[in-house]
Amino acid sequence: QNRSFALTWAGLAIRLQSAAAHQLDQFGVFGLILSMLGLFLIFRRPLLSRATLWIAAAFFVFALIYSTDDSYLYLIPLVLSFAIWLGFGVDGLMRTISGQRDESPSSQRESTMHDLLRARYGKRLSLAFGLFVMIYLFILAAFHFPSVDASHDGRAEQFGTMAMAQMPADAVFFAKG
């Protein structure tokens, strides 16, 4: 069954919009901005940047063009790549805020008042920023929890009870769907 390229241009546009909305829903605007910053910063590690970009691009294209109802599941590797980039974005901003920089001889210069303030408060501001990001991510997780909580979903139990009642004794049962 050939499902590739079975979408129309309109269907492709809808999938593209859906994928963008999915990423926005997963990370929020702030998280997407941090992820894009992390993508920029990750180029300092060529192997990791190539791997995450390849994974994100391949699965994104596959999710767009493979015509199934559950194609959004192919966006999971894209979400994981964005999460890695988010981590690099947070790390980069925390390093910038705390004043960590390359200590090579070419980067040595005179200390200014800005450098002294950064040395005194930079670590605290960096930790506060890290804490802010953690709280942001926990709030996003709490917001999503009700939609993924299956503890009160009894459909599987109802299906099992119904199937067991209709099967003959000692039967082998295969379910589809």
Side-chain angles (χ1 to χ4, degrees), residues 1-39 41-42 45 47-94 127 129-177:
Q1 188 176 22
N2 187 6
R3 292 185 177 268
S4 60
F5 301 107
L7 289 176
T8 63
W9 285 108
L12 201 59
I14 291 170
R15 289 249 175 122
L16 186 59
Q17 182 181 11
S18 176
H22 180 264
Q23 291 300 100
L24 183 61
D25 186 48
Q26 291 296 313
F27 293 98
V29 174
F30 182 64
L32 288 178
I33 291 169
L34 284 175
S35 294
M36 291 297 100
L37 174 65
L39 176 60
L41 293 174
I42 202 172
R45 298 178 182 218
L47 182 62
L48 188 58
S49 65
R50 278 194 303 258
T52 56
L53 274 171
W54 173 249
I55 289 168
F59 280 91
F60 178 68
V61 169
F62 193 73
L64 287 181
I65 65 172
Y66 195 61
S67 182
T68 62
D69 293 334
D70 62 351
S71 65
Y72 63 91
L73 294 174
Y74 297 113
L75 293 175
I76 293 172
L78 180 68
V79 170
L80 294 175
S81 291
F82 266 81
I84 291 168
W85 300 337
L86 178 100
F88 275 93
V90 170
D91 177 62
L93 275 179
M94 287 179 71
L127 291 174
F129 175 73
L131 184 62
F132 171 76
V133 171
M134 286 179 57
I135 290 170
Y136 173 78
L137 293 175
F138 278 119
I139 289 171
L140 276 178
F143 178 73
H144 288 289
F145 182 75
S147 64
V148 297
D149 179 21
S151 63
H152 301 294
D153 187 359
R155 291 179 292 176
E157 286 183 38
Q158 291 172 353
F159 173 77
T161 303
M162 180 194 70
M164 294 298 284
Q166 295 177 359
M167 282 191 299
D170 299 325
V172 177
F173 180 68
F174 295 95
K176 181 179 179 183

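Side chains included, hydrogens not; waters and symmetry mates left out as well; all remaining heavy atoms used.
Scanning for side chain to side chain contact (heavy atoms under 4.5 Å, CB included) contacts around Val79 gives His22, Gln23, Gln26, Phe27, with sequence neighbours left out. The side chain to side chain donor-acceptor pair (under 3.5 Å) check on Ser71 picks up Arg15, with sequence neighbours excluded. Legend: residues meeting side chain to side chain contact (heavy atoms under 4.5 Å, CB included) with Val29, ordered by chain and number and at least two apart, are Leu24, Ile33. Contacts of Thr52 classified as side chain to side chain donor-acceptor pair (under 3.5 Å), with partners at least two apart in sequence or in another chain: Trp85. Applying the ring pair (Phe, Tyr, Trp, His ring centres under 6.0 Å) criterion to Phe60, with sequence neighbours excluded, gives no partner residue. Every residue meeting the side chain to side chain donor-acceptor pair (under 3.5 Å) condition with Asp149, not counting sequence neighbours, appears here in chain and number order: Ser151. Residues that satisfy the ring pair (Phe, Tyr, Trp, His ring centres under 6.0 Å) test with Phe143, not counting sequence neighbours, are absent from this structure. Residues meeting the side chain to side chain contact (heavy atoms under 4.5 Å, CB included) test with Phe62, sequence neighbours left out: Tyr66, Tyr74. Residues passing the side chain to side chain contact (heavy atoms under 4.5 Å, CB included) test with Ile135, sequence neighbours excluded: Leu131, Ile139.
Other residues, nucleotides and ligands place no more than 12 heavy atoms under 6.0 Å from the CE atom of Met164. Environment of CE in Met36: crowded, with over 12 heavy atoms of neighbouring residues, nucleotides or ligands closer than 6.0 Å.
When all heavy atoms of Leu34 and Phe129 are compared, the pair lying nearest together is CD2-CZ, 4.1 Å. Residues Pro77 and Ile55 share a closest heavy-atom pair of CB-CG2, 3.6 Å. The shortest heavy-atom contact between Gly28 and Leu140 is N-CD1, 4.3 Å. Minimum heavy-atom separation, Leu78 to Ala56: CD1-CB, 3.5 Å.
Screening residues 154-170 for salt bridge (charged side-chain N to carboxylate O under 4.0 Å, His left out), with sequence neighbours left out, gives Asp153-Arg155. Counting only residues at least two apart or on different chains, the salt bridge (charged side-chain N to carboxylate O under 4.0 Å, His left out) pairs with a member in residues 80-93 are Asp91-Arg95.
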**Request:** Begin with the C-alpha distance, continue with both residues' side-chain angles, and end with the deciding distance and a verdict on side-chain contact (heavy atoms from CB on, under 4.5 Å) for Phe59 and Ile76.
**Result:** CA-CA 8 Å; Phe59 280 91; Ile76 293 172; over 6 Å; no
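Not one N or O on the side chain of Ser18 forms a donor-acceptor pair closer than 3.5 Å with the backbone of Ile14.
The closest side-chain heavy-atom distance from Val133 to Leu93 is not below 4.5 Å. When side chains are defined from C-beta on, Leu86 counts as touching Leu137, because their heavy atoms get closer than 4.5 Å.
A distance of 10.0 Å separates CE of Met167 from CE of Met162, quoted to the nearest 0.5 Å. Leu48 contributes atom CG, which lies 9.0 Å from atom OG of Ser81 (distance to the nearest 0.5 angstrom). From Asp70, atom CG reaches atom CG of Leu75 across 11.0 Å, with rounding to the nearest 0.5 Å.
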